[in-house]
Amino acid sequence: MRELPKEHLIGYDTPQGKRLFAKALAEGGLEAFFPLSQQFLTQNEPAYCGIGTLCMILNALKVDPTVTWRKPWRWFTQEMLDCCQPLEVVKEKGITLAEFSCLAKCNGLDAITRFADSTSFEAFHEAVKVCTFSSDQLMAVSYSRASLGQTGAGHFSPVGGYTSENGGMVLILDVARFKYPSYWVPIGMLFESLIPKDPATNQPRGYSMLRRHRTDVFSPNPVGSLLRLNATKSTWPPLAKPLYKAGCSSSTYPTLLQTLTHHLSAIPTPVTSRSSEEPPNALPSLHCRNSHTLLANVENKLTYERHIDSFLAHLEAKSSMYAGLEGEFTRMEKAVFLLSLFGMQSFLGMLVPAVKKEVVEAVGRDLEDEWVYREVMGVRRQMESVEKCCWEEKECLCATAPRALR
């Protein structure tokens with residue numbers, strides 16, 4: 001472990017750090033510390049600081065990952081967080097602030113994310129106080145280590161506490177515990193560390209305020225959400241472009257549906273089960289030689305497949321969208337994807353009024369069913385998160401820009 005730069009940073013476990021902790025506790029600025037400290041972990045890989053931070057926050061806020069970790073426990077691990085970027089890419093390059101926000105939303109959180117050039121020190125100061133004086137809204141900061149006198153480049157960590165001492169001191173719970181301990185930093189210095197640009201995006205860093213999503217979007221079964229979006233930040237733009245183009249050019253609802261289903265039949269399904277080959281609890285894997293573990297995983301996979309079959313029968317009985325599609329292969333996945341797409345404001349904004357009216361009515365009828373609603377809303381949330389991530393980093397060059405972001 002490296003020593004902290006002593007000029008401005010104060011070790012959490014030093015006498016001065018303990019005094020700041022006591023002051024923060026007396027002021028009420030350690031409400032975030034207690035749930036976070038129970039979930040404190042060290043990032044698995046050098047570039048996993050973002051997903052390590054998010055994993056801490058998800059577990060601190062008691063979000064259900066909707067898949068079994070180890071039977072019967074459902075718990076977030078860093079290997080689960082691969083919605084917006086594949087873990088292989090994250091392992092090599094880390095994640096950006098926009099990707100962090102996307103991952104948070106894909107996994108059941110509401111995220112208010114601010115880049116340093118779109119906020120002020122006063123707003124940041126207030127946000128820190130809001131999150132540290134609360135246990136149900138937590139903050140992650142993306143900052144430049146070099147700005148704090150540390151070695152390394154960009155980094156993510158959760159904010160654990162605040163005290164008004166010395167104009168404002170913030171407790172950073174560093175997830176790279178092998179490198180630096182947790183520490184107190186002046187809030188002005190922390191804000192300055194958000195400003196240097198991330199070379200990957202040429203944008204400044206910033207912060208994200210995270211809380212549990214206001215509604216539970218997961219389906220009512222013991223294995224949780226059954227389906228997920230089969231797309232990432234890099235694959236979403238080429239997938240979405242022809243779909244949005246069809247939305248712009250279709251003058252009737254039947255024409256729109258025919259064009260979309262024709263396109264979906266020519267590409268890999270954009271919605272897939274949460275585990276097509278492995279059971280939802282991927283750790284430990286089926287290749288483990290432990291017979292008890294192997295049997296537990298097989299049992300879990302069979303349970304998962306029974307719920308897939310049950311949902312398929314349910315969709316067939318309840319969904320007019322499913323009934324209107326041809327063929328059997330991936331029919332369930334296509335129905336859920338189209339219902340999710342038809343609820344996105346960016347897509348609806350492309351449609352002529354008459355078609356939009358029919359789309360809204362068709363989706364509304366299907367979503368009256370609670371199970372269909374929960375599966376569709378889970379996938380739609382992932383789609384919206386990935387799309388917003390693309391636009392925030394200016395990587396999406398197709399016609400899918402939400403009008404508010406143009």
Side-chain angles (χ1 to χ4, degrees), residues 63-69 74 76 79-86 102-109 213 215-233 235-236 239-240 243 260-261 263-265 267-282 300-325 327-344 347 362-363 366-387:
V63 177
D64 186 348
T66 77
V67 293
T68 304
W69 167 54
R74 302 221 298 233
F76 274 100
E79 293 76 12
M80 293 179 182
L81 303 181
D82 62 350
C83 167
C84 304
Q85 283 281 37
C102 174
L103 274 172
K105 293 173 184 175
C106 285
N107 287 281
L109 293 176
H213 187 53
T215 57
D216 185 6
V217 301
F218 303 120
S219 57
N221 65 76
V223 294
S225 180
L226 297 170
L227 302 172
R228 63 176 177 84
L229 180 66
N230 186 26
T232 64
K233 187 183 73 171
T235 60
W236 174 256
L239 165 66
L243 304 181
L260 293 178
T261 52
H263 177 71
L264 292 178
S265 67
I267 62 173
T269 175
V271 169
T272 185
S273 66
R274 284 204 171 261
S275 181
S276 55
E277 296 180 357
E278 295 282 341
N281 54 332
N300 191 74
K301 183 174 183 178
L302 292 174
T303 301
Y304 185 87
E305 290 174 347
R306 284 197 296 270
H307 281 281
I308 282 283
D309 291 341
S310 177
F311 179 66
L312 176 59
H314 187 85
L315 196 69
E316 186 174 14
K318 301 288 184 178
S319 170
S320 59
M321 176 66 72
Y322 181 90
L325 298 178
E328 292 301 321
F329 184 65
T330 70
R331 192 173 172 190
M332 172 181 68
E333 291 85 349
K334 289 174 185 174
V336 170
F337 177 78
L338 289 173
L339 288 169
S340 303
L341 179 70
F342 286 174
M344 293 178 65
F347 181 80
V363 171
D366 274 19
L367 297 194
E368 288 177 358
D369 181 82
E370 182 183 7
W371 197 354
V372 175
Y373 170 83
R374 289 171 183 266
E375 287 293 337
V376 168
M377 292 304 292
V379 172
R380 184 189 301 174
R381 187 170 172 80
Q382 293 178 58
M383 292 164 65
E384 291 172 340
S385 301
V386 171
E387 184 175 273

Testing the basics here: between [X] and [Y], what is the closest heavy-atom pair and its distance to 0.1 Å?
| X | Y | result |
| --- | --- | --- |
| D64 | F76 | C-CE1, 4.0 Å |
| L260 | F347 | CD1-CZ, 4.2 Å |
| L229 | M383 | CD1-CG, 3.7 Å |
| L367 | Y373 | O-CB, 3.6 Å |

Taking the side chain as everything from C-beta on, heavy atoms only, tell me whether [X] gets closer than 4.5 Å to [Y].
| X | Y | value |
| --- | --- | --- |
| K334 | S265 | yes |
| L338 | L325 | yes |
| V386 | T232 | no |
| W371 | L226 | yes |
| L109 | V63 | yes |

Does T269 offer a backbone N or O that forms a donor-acceptor pair with the side chain of E333 under 3.5 Å? no

If only atom types and distance count, is the side chain of S385 paired as donor or acceptor with the main-chain N or O of R381 below 3.5 Å? yes

Find the distance between [atom1] ([X]) and [atom2] ([Y]) and round it off to the nearest 0.5 Å.
| X | Y | atom1 | atom2 | answer |
| --- | --- | --- | --- | --- |
| H213 | M377 | NE2 | CE | 6.0 Å |
| F311 | R374 | CZ | CZ | 12.5 Å |
| D309 | H307 | CG | NE2 | 10.5 Å |
| M344 | L339 | CE | CG | 13.5 Å |
| L243 | F342 | CG | CZ | 9.5 Å |

How would you list, by chain and number, every residue that makes a salt bridge (charged side-chain N to carboxylate O under 4.0 Å, His left out) with R380, sequence neighbours excluded? none

Quickly, which of V271, T272, V379 forms a side chain to side chain contact (heavy atoms under 4.5 Å, CB included) with R228? Name it, please. T272

Show the atom names and distances, to 0.1 Å, of all donor-acceptor pairs under 3.5 Å that link a side chain in residues 312-319 to residues at least two apart or in another chain.
unit_1 : atom_1 : unit_2 : atom_2 : d
H314   : NE2    : D369   : OD1    : 2.9
H314   : NE2    : D369   : OD2    : 2.7
S319   : OG     : M321   : N      : 3.2
S319   : OG     : Y322   : N      : 3.0
S319   : OG     : D366   : OD2    : 2.5

